[in-house]
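Quick caveat: nothing in here was measured; it's all calculated off a predicted structure.
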Amino acid sequence: MTIYETIKVAISVKQAAEHYGLKVNRNGMACCPFHNDRHPSMRLNEDYFFCFGCGVRGM
C-alpha cells in the first residue's frame, strides 16, 4: 500500500477540508475554494468532492 492510499483510508474528505479551513455544514456542503463562492455549493462525500457551481471534482 502506498502512503497516499494509507492516508486516504485514515482521513475522510470532510476531515481534510476542515483541516485546511473550510467550514463544512451538517449536510456536507462547503463554500468552494476554487471559485468565488458566497453560498455552499461544494458537496463533500466520504470518498470524493464535487462543486455544483464550477464543476470541479476530486478524490
Handout entry: Phe50: partners by ring-ring contact (aromatic ring centres under 6.0 Å, His included), with sequence neighbours left out
Key = Phe52
Handout entry: Partners passing side-chain contact (heavy atoms from CB on, under 4.5 Å) against Ile7 (at least two apart in sequence or in another chain)
Key = Ile3, Ile11
Handout entry: Qualifying side chain to side chain donor-acceptor pair (under 3.5 Å) pairs with a residue from residues 44-54, counting only residues at least two apart or across chains
Key = Arg43-Asn45, Asn45-Tyr48
Practice task
Run through the side-chain heavy atoms of Ile, Leu, Val, Met, Phe, Trp and Tyr, join any pair under 4.5 Å, and report what else lands in Met1's cluster.
Solution key: none
Problem - Fellow cluster residues of Val56, listed by chain then number, with links counted only when side-chain atoms sit under 4.5 Å apart - result: Val13, Val24, Phe34, Met42, Leu44, Phe49
Fill in the blank from the handout: Only residue of Pro33, Pro40, Cys32 satisfying side chain to side chain contact (heavy atoms under 4.5 Å, CB included) with Cys51 is Cys32
Handout entry: Of all pairs that satisfy side chain to side chain donor-acceptor pair (under 3.5 Å), the ones with a partner from residues 17-42, not counting sequence neighbours
Key = Asp37-Ser41
